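Remember, predicted model here, so these are calculated numbers, not experimental data. Note on naming: letters A, B, ... go to the chains in the order of the sequence lines (proteins, then strands), and numbering restarts at 1 for each one.
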Number of protein chains: 2
Amino acid sequence: MNKKRTTLKDIANVLSISTAAVSKALNDDTRISVKTKKAVRQVAKELNYQPNHLASALRKGKSKLVGVIVPRTNSHFFSSVVESMEGVLNKAGYNIIITQSNESFEKECNNIDTLLYLQVDGIIASMANETVDLSYYEKIKSNGIPLILFDRGENDLNVDYVGINDYDSSHMIIAHLVAQGCKRIAHIGGYRRTRIFNNRIRGYIDAIKKHDLPHDDELLIESSLTLEDGRQQIEKLLALKNRPDAVYVASDYAALGALQVLKEKNIKVPEEIKLVGFGNEPFTSLVTPSITSISQHSDKIGKLAAETFLGYVDQDVIVQSLNKIILDSELIVRSSSE
Amino acid sequence: MNKKRTTLKDIANVLSISTAAVSKALNDDTRISVKTKKAVRQVAKELNYQPNHLASALRKGKSKLVGVIVPRTNSHFFSSVVESMEGVLNKAGYNIIITQSNESFEKECNNIDTLLYLQVDGIIASMANETVDLSYYEKIKSNGIPLILFDRGENDLNVDYVGINDYDSSHMIIAHLVAQGCKRIAHIGGYRRTRIFNNRIRGYIDAIKKHDLPHDDELLIESSLTLEDGRQQIEKLLALKNRPDAVYVASDYAALGALQVLKEKNIKVPEEIKLVGFGNEPFTSLVTPSITSISQHSDKIGKLAAETFLGYVDQDVIVQSLNKIILDSELIVRSSSE
DNA sequence: TATATTTGTTTAATCGATTAACCAAAAGTA
DNA sequence: TACTTTTGGTTAATCGATTAAACAAATATA
């Protein structure tokens with residue numbers, strides 16, 4: 001089996017011209033005659049020539065690779081974002097390398113090292129829940145390549161960001177629940193140290209006040225928002241003397257956990273307790289009752305993040321000017337709340 | 001902002017030694033003194049040296065990159081396989097590049113081109129449903145790098161394969177349904193041209209015969225197995241004069257579609273019709289009733305595929321000897337069938 | 001006719017790390 | 001002492017593609 005791949009030199013030898021001419025011919029340089037170009041392309045095809053990306057990337061100083069870091073690909077939101085990013089970047093001649101942190105800070109650091117090692121031209125990331133130490137992200141910046149964050153960002157890091165308006169989303173949810181007649185609305189949220197969860201909590205608190213509802217400390221819970229977490233936290237809420245009549249959960253997965261417990265306990269949703277999730281994961285429309293949720297426009301987020309990256313490349317000196325894009329979200333009302 | 005990255009030369013200059021010495025020191029060559037090694041590592045750290053993967057890969061002729069092609073990452077099965085593959089490969093010093101075909105033949109060809117262009121050291125793939133033309137896969141083989149298929153393979157292609165025993169899985173399902181008292185079992189399967197779906201269909205037919213059940217042509221349907229497809233095909237089965245009392249669907253997504261329709265029509269599952277899916281996607285345990293399904297041991301598949309790949313590298317001449325690994329699957333019985 | 005310009009290509013350097021081949025100095029051995 | 005071996009490097013070529021600079025030949029211009 002022929003392990004050697006065809007190189008420019010092979011083509012050059014066949015035609016008895018220099019490799020430079022071959023390179024230029026393939027890159028459609030104006031200084032090469034049409035005749036030569038045709039001949040080169042012909043031979044390239046015959047020899048099944050496959051350009052060596054490593055060599056050209058090394059020479060040009062650009063790998064045409066974009067690194068992507070997501071908490072996990074196995075989430076509809078993230079995989080959709082990645083898909084739409086990929087579309088935009090592919091068109092611009094970039095390939096993407098997807099890595100997952102699995103919400104682990106350590107893995108995230110490894111991912112960053114790997115991507116820098118692969119000489120990516122930029123990194124688009126959504127931070128792990130665990131991440132509080134930003135030194136690794138600073139490392140990216142000091143490497144001189146663009147860094148764009150989406151969904152899970154950080155104010156302290158002076159970089160571009162694309163995400164939805166979490167604060168307003170909470171307002172939309174509370175307004176909807178109030179319209180449905182709810183008087184005691186609980187919130188199972190994420191940890192405040194994560195910007196997006198903090199914003200959802202702030203939105204919840206402000207909206208509750210705005211509607212003159214009781215702001216009860218026991219109705220606000222911080223958790224890591226896994227499915228199992230949702231199960232545990234709803235139990236706490238159900239154990240209260242004065243039960244809530246609605247629960248707004250900051251993640252669909254945790255909302256699903258809560259729903260499971262409610263069903264197991266034969267508590268009717270939405271009649272006895274109304275439930276709202278966040279993220280519009282596909283299963284929210286599949287379970288019974290279907291879960292009201294917030295759609296985050298994953299396709300738009302991916303597209304904008306990719307375009308923001310493209311705006312930076314080809315600039316000689318990277319000037320990371322803060323460029324925060326905040327999209328409006330959309331409330332998808334389903335059976336669990338009406 | 002400092003856009004220039006530290007190179008071996010920079011370190012060499014600081015210490016007034018040759019770049020060769022620096023390279024050897026960092027690679028722990030025996031011919032370099034401990035003193036020099038220490039000094040080099042020290043300076044490398046101070047200058048925040050990041051080796052240039054492109055350069056070393058070019059020189060060594062190995063990119064230490066493995067290309068992965070899956071129909072989509074947004075499926076629990078595939079993302080789990082990828083995750084476990086990644087674990088094994090990372091440990092061996094390889095990074096992976098994940099690409100998705102979205103079940104499109106055209107996208108799959110593009111992915112293959114991209115991966116070859118990036119000089120990956122091997123490709124691990126699961127074929128798109130659409131794919132029947134194998135010339136692009138032949139291209140990988142003629143490139144001299146190992147190709148390993150998993151789940152969606154092809155007999156005609158003379159390469160390694162890791163998957164589960166689809167034929168036996170069908171037998172397990174039918175045996176289970178028969179034990180539950182079912183007499184008319186339908187099968188909503190995939191297209192026969194895809195090996196795994198063909199095997200599931202063969203298993204279904206043989207198992208039906210084995211249990212002396214009526215083998216009725218109208219009970220066997222071929223489809224593309226999307227959720228929407230599941231909805232449409234179950235409608236057909238319900239329209240039959242002689243309805244089935246159980247339906248075995250070759251994909252969880254289509255099974256979910258079928259379940260939705262059954263619920264909408266107030267047909268009780270499992271009392272009136274029993275339902276079995278395939279793949280053990282997480283939602284099968286989340287919906288009501290939970291769906292009986294087949295677990296494919298995604299972690300094992302990923303691990304084995306990765307290890308098969310590792311078995312090939314470091315060999316000078318690739319001898320692709322057929323190496324088919326068929327794992328046993330596991331039936332997870334849930335409410336939809338008992 | 002003499003000079004300038006254009007066309008089409010070659011030469012050679014380069015990207016950064018690796019490595020075969022070579023070499024000087026120190027240490028060991030007969 | 002004279003020769004061999006070991007130690008700790010250095011030099012220079014290399015991977016394959018790109019590109020600045022050079023250049024010969026053809027064509028245009030004065």
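- Rounding to whole angstrom units, NZ of residue B/Lys37 and C1' of D/dT7 are separated by 12 Å.
- When all heavy atoms of A/Ile32 and A/Lys37 are compared, the closest pair comes out as O-CE, 3.4 Å.
- Dashed line: the shortest gap from a side-chain N or O of A/Thr36 to OP1 or OP2 of C/dT9 is under 4.0 Å.
- When each of D/dG16, D/dT11, D/dT19 is scored by its nearest atom to the side-chain atoms of A/Asn52, the top-ranked nucleotide is D/dG16.
- Regarding A/Arg31, its CZ atom lies at a distance of 11 Å from the C1' atom of D/dC23, rounded to whole Å.
- Distance from the side chain of A/Lys24 is smallest to D/dA20 among D/dG9, C/dC15, D/dA20.
- Side-chain proximity of A/Tyr49 to the nucleotides C/dT18, C/dT9, D/dA17 is greatest for D/dA17.
- Positionally, the nearest nucleotide of DNA chain C for A/Val34 lies more toward the 5' end than for the other of A/Ala20 and A/Val34.
- Ring geometry, A/Phe150 versus A/Phe77: the interplanar angle falls from 30° to 60°, so the pair is classed tilted.
- Looking at A/Tyr117 and B/Asn95, their side chains never bring a donor and an acceptor atom within 3.5 Å of each other.
- A 4.5 Å side-chain heavy-atom check between A/Pro71 and A/Asn129 finds every atom pair outside the cut-off.
- Among the nucleotides D/dT14, C/dT10, D/dT18, the one closest to the side chain of A/Ile17 is C/dT10.
- Distance from the side chain of B/Arg59 is smallest to C/dA17 among D/dG9, D/dT18, C/dA17.
- Annotation: A/Lys139, atom NZ; neighbour count of heavy atoms from other residues, nucleotides and ligands within 6.0 Å is above 12.
- Side-chain atoms of A/Ser104 and A/Asn102 include no donor-acceptor pair closer than 3.5 Å.
- Toward the 5′ end of DNA chain D lies the nearest nucleotide of B/Val22, the other residue of the pair B/Lys60 and B/Val22 mapping further downstream.
- If you measure from atom CG of A/Asp29 to atom C1' of C/dT7, you get 12 Å, rounded to the nearest angstrom.
- Listed candidates were D/dT11, C/dT18, D/dT19. Nearest to the side chain of B/Leu8 is C/dT18.
- Atom P of nucleotide C/dT9 and atom NZ of A/Lys35 are separated by 8 Å, given to the nearest angstrom.
- Between B/Ser18 and A/Gln50, it is B/Ser18 whose nearest contact on DNA chain D lies nearer the 5' terminus.
- Per the geometry, CG belonging to B/Leu15 stands 15 Å off C1' belonging to D/dG8, to the nearest Å.
- Phosphate proximity of C/dC15 to B/Thr7: absent, as no side-chain N or O sits under 4.0 Å from OP1 or OP2.
- What separates CG of B/Asp28 from C1' of C/dT18 is a distance of 16 Å, to the nearest Å.
- When distances are taken from the side chain of A/Asn27 to each of D/dT10, D/dT18, D/dA17, the shortest belongs to D/dT18.
- To the nearest angstrom, P of C/dC15 lies 18 Å from CG of A/Leu54.
- Atom pair B/Lys62:NZ and D/dG16:P shows a separation of 14 Å (rounding to whole Å applied).
- Listed candidates were D/dA17, C/dT9, C/dT11. Nearest to the side chain of A/Ile32 is C/dT9.
- Among the atoms of the strands shown, base atoms are found under 4.0 Å from some heavy atom of A/Ser23.
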